[in-house]
Amino acid sequence: MSKVQTKTQTVVQSEMPFAIVEGKPYTQMPTDLYIPPEALEVILEAFEGPLDLLLYLIRRQNLNILDIPITEITKQYIEYIDLLGEMNFELAAEYLVMAAMLAEIKSRMLLPKPASEDLEEEDPRAELVRRLQEYERFKSAALDIDELPREYRDYIVTSAYVEQKEQYLIPPEVDMRDIIMAFKDILARADLKISHAIEREVLSVRDKMTSLLDILRERQFFSFDSLFNPLEGRQGVVVTFLAVLELLKAQVLDIVQNENYGQIYIKSLQVEE
Amino acid sequence: MEIKQIKNIIEAALLAAGEPVTIKRLQSIFAEQELTHNDIAKAIEQLVHDFEDRGIELIEVASGFRLQTKTILQPWISKLWEEKPKKYSRALLETIALIAYRQPVTRGEIEDVRGVAVSSYIIRTLMDRDWIRVLGYRDVPGKPAMFGTTKEFLDYFNMKSLQELPTLAEIKDIETIMPELDFGVDTNKHNNDSGKNKPENSNNAFQKQFNQDKNNEEE
Amino acid sequence: MEIKQIKNIIEAALLAAGEPVTIKRLQSIFAEQELTHNDIAKAIEQLVHDFEDRGIELIEVASGFRLQTKTILQPWISKLWEEKPKKYSRALLETIALIAYRQPVTRGEIEDVRGVAVSSYIIRTLMDRDWIRVLGYRDVPGKPAMFGTTKEFLDYFNMKSLQELPTLAEIKDIETIMPELDFGVDTNKHNNDSGKNKPENSNNAFQKQFNQDKNNEEE
């Protein structure tokens with residue numbers, strides 16, 4: 001809000017100037033309701049629209065909103081608008097609609113009442129009164145809301161320092177079924193693409209490959225014989241051998257033999273991290 | 001677990017969070033101690049009482065419980081910051097009032113009551129502040145958005161629910177009032193009667209507005 | 001001004017500031033009361049003592065005084081930010097399944113089978129959870145890492161070795177092998193058949209897992 005507006009909003013404070021025009025303070029509303037054009041514009045900008053202005057005019061004369069002397073109010077209102085229209089037509093537009101409404105009510109009230117009893121005519125002011133009341137209750141509600149305690153003006157939400165504020169992520173529970181079902185889907189998809197890609201039972205070989213890789217991490221070079229554990233039986237030997245071949249194929253290790261029929265060695269081809 | 005310890009943890013948790021915390025969220029803190037909703041509520045009740053004598057207070061707003069500085073200490077607290085909190089324009093306050101009391105409400109309906117256009121700037125400001133949100137679109141030509149308020153709006157204004165909004169002034173039923181109305185056009189008479197017809201609530205919105213403006217100027 | 005009031009204002013100010021506050025800045029709050037540096041220091045000293053029994057403590061750091069939650073309450077406080085675990089994505093489950101069955105396997109190989117890129121996030125999540133590890137680097141251009149599962153992975157699923165994973169053949173008729181599972185087909189039928197189709201090694205890891213799940217469901 002501009003400074004000028006704050007000035008004009010103190011209208012009822014009679015000891016305070018409601019407007020300063022050409023350096024001269026106006027402490028009272030002029031009795032003839034004449035308002036210098038410079039002051040009028042800021043006054044109207046201080047109003048939230050034609051209803052607000054109308055309410056102001058009614059309140060200023062201590063009139064009951066339910067009992068508006070239409071003739072008088074309309075006269076005042078139109079005087080305001082006339083002045084306004086000369087300077088700021090755009091702002092005046094909404095006010096002009098109200099002026100038209102007032103004029104209509106006035107004309108209807110001047111017409112003689114219908115003689116017939118059963119034709120009960122509503123007071124022409126009824127609609128205006130309803131709108132004014134409706135607007136006034138929200139105007140007042142807005143001020144009530146403005147008075148509610150609010151952050152930074154009336155209170156501050158407090159906080160204390162916390163040493164560690166990082167989020168603790170709890171890993172979700174996983175069900176082995178979900179993993180197996182995921183794998184089943186992969187198998188189904190792989191079946192569609194390449195019919196025989198995954199056909200053999202290879203898990204024990206895979207398991208062995210993992211443990212071989214662990215050995216390779218420890219030692220870069222060791223004898224081929226030492227890989228085989230007789231206790232694992234024939235099946236175990238085959239699995240180990242297959243694992244070595246797989247790793248050879250994957251270029252993770254190399255098999256070295258320095259001389260014919262000599263000792264066979266496994267050499268790690270792993271890259272250091 | 002002793003109630004003293006529970007209260008200390010809740011106090012620390014509310015201060016650590018720096019935002020409203022629900023009882024449910026507090027309960028999750030005590031997952032191992034298996035405290036019930038009621039245990040927490042009781043501790044909170046005691047804390048509210050404990051804080052009576054202190055610089056901060058424990059209050060409940062729409063999104064939960066929070067600790068905040070007491071309003072009466074604001075004259076001191078506000079001195080911590082150079083910048084003063086900004087005031088809201090009447091247009092913005094009237095718009096948020098209409099949305100709060102009349103939700104779900106369209107822009108057109110707000111304009112009908114206020115008698116003037118609602119600027120897009122105001123709607124955008126209210127949306128940016130998370131005070132209002134679009135609740136849906138009315139099934140009429142143009143599909144206008146219907147606005148309503150948010151939890152953040154309630155939190156900001158220290159309310160638990162819309163029930164805590166100040167009571168909206170009664171609207172006088174025009175039908176019942178009608179017979180009392182003077183249908184005459186004699187304005188002089190009205191002016192003479194003005195003392196009698198003066199509304200009861202002469203300490204009305206206008207007076208408040210002006211008083212408030214005066215206060216603002218003093219700041 | 002009473003010391004009680006001064007203490008309350010300082011407490012509120014420290015909690016409102018949200019950062020360390022110097023005695024000088026606190027003094028500026030009490031400009032009208034003209035409190036000395038010493039007055040403030042004395043109030044702070046008393047406050048430190050008052051807080052001994054509470055959830056927060058007043059300490060001095062390089063840039064001033066601040067209130068912070070007590071370290072011994074950290075086990076509770078940190079739970080405020082615990083996030084509800086989200087379910088793992090399909091992509092993650094497929095990735096861990098491929099790593100389990102095809103180890104040692106490179107990211108490229110996983111991508112070949114799945115037909116889509118494996119996000120770094122998935123690999124990181126599995127690494128963070130200690131379910132997979134880098135077994136080595138393949139000696140091909142780009143030196144891709146080869147992934148395998150860990151002991152923690154086996155422990156989590158109650159398995160002694162990878163041998164306990166269902167074989168490929170078993171997976172193909174998983175519905176009949178694991179009749180206890182509700183795969184959303186005809187549950188009644190499965191329940192009726194369960195005795196017949198029950199695998200021999202019913203006391204295996206899966207069985208345990210399933211029993212556990214069943215118990216969980218009953219809760």
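Because only heavy atoms are used, hydrogens play no part in the values below, and waters and symmetry mates are left out as well, while side chains stay in. Lettering follows sequence order; numbering is per chain, from 1.
For residues 154-163 of chain B, the salt bridge (charged side-chain N to carboxylate O under 4.0 Å, His left out) pairs, not counting sequence neighbours, are B:Lys160-B:Glu164.
Here the side chains of A:Phe138 and B:Glu94 are not in contact, with every heavy-atom distance at 4.5 Å or above.
A distance-only check finds a donor-acceptor pair linking the side chain of B:Gln74 to the backbone of A:Tyr152 [under 3.5 Å]. Although no hydrogens or angles enter the test, the distance criterion places no donor-acceptor pair under 3.5 Å between the side chain of B:Thr69 and the main chain of A:Tyr155. Panel note: side chain A:Thr158, backbone B:Leu67; a donor-acceptor pair is recorded below 3.5 Å.
Enclosure of atom NZ in B:Lys7 by more than 12 non-hydrogen atoms of other residues, nucleotides or ligands within 6.0 angstrom is indicated. Heavy-atom contacts from other residues, nucleotides or ligands closer than 6.0 Å to NZ of A:Lys75 number 12 or fewer.
Summarising the geometry, atom NZ belonging to A:Lys139 is positioned 11.5 Å from atom CG belonging to B:Leu93; distances are rounded to the nearest 0.5 Å. The distance from the CG atom of A:Leu148 to the CG atom of B:Leu154 is 10.0 Å, given to the nearest 0.5 Å. Residue A:Ile156 holds its CD1 atom at 11.0 Å from CG of B:Leu73, rounded to the nearest 0.5 Å. Distance OH/B:Tyr88 to CZ/A:Arg150: 5.5 Å, rounded to 0.5 Å.
Only the side chain of B:Leu165 comes within contact range of chain A, with at least one heavy atom under 4.5 Å from a heavy atom of that chain. Neither the backbone nor the side chain of B:Ala12 comes within contact range of chain A, judged by heavy atoms closer than 4.5 Å. Heavy-atom distances place no part of B:Ser78 under 4.5 Å from chain A, backbone and side chain included. Looking at B:Arg114, the atoms closer than 4.5 Å to chain A (heavy atoms on both sides) sit in the backbone and in the side chain alike. For chain A, the nearby parts of B:Leu98 are the backbone and the side chain; heavy atoms of each come within less than 4.5 Å.
Of all heavy-atom pairs between A:Arg153 and B:Pro85, the closest is CA-CG, 3.8 Å. Minimum interatomic distance between B:Ala169 and A:Arg137 (heavy atoms only, all atoms of both residues): O-NE, 3.0 Å. Contact detail for A:Ile145 and B:Ala97: the closest heavy-atom pair is CD1-CA, 3.7 Å. The heavy-atom pair separating A:Pro50 from B:Val116 by the smallest distance is CD-CG1, 3.7 Å.
Every residue meeting the ring pair (Phe, Tyr, Trp, His ring centres under 6.0 Å) condition with B:Tyr156, not counting sequence neighbours, appears here in chain and number order: B:Trp131.
Ranked by non-hydrogen atom pairs under 4.5 Å with chain B, the options A:Ser159, A:Ala141, A:Pro149 are led by A:Pro149. The greatest number of non-hydrogen atom pairs below 4.5 Å with chain A, out of B:Glu19, B:Met159, B:Lys70, B:Arg102, is found for B:Arg102.
Looking at B:Arg90 and A:Asp52, a side-chain N of the basic residue comes within less than 4.0 Å of a carboxylate O on the acidic one, giving a salt bridge.
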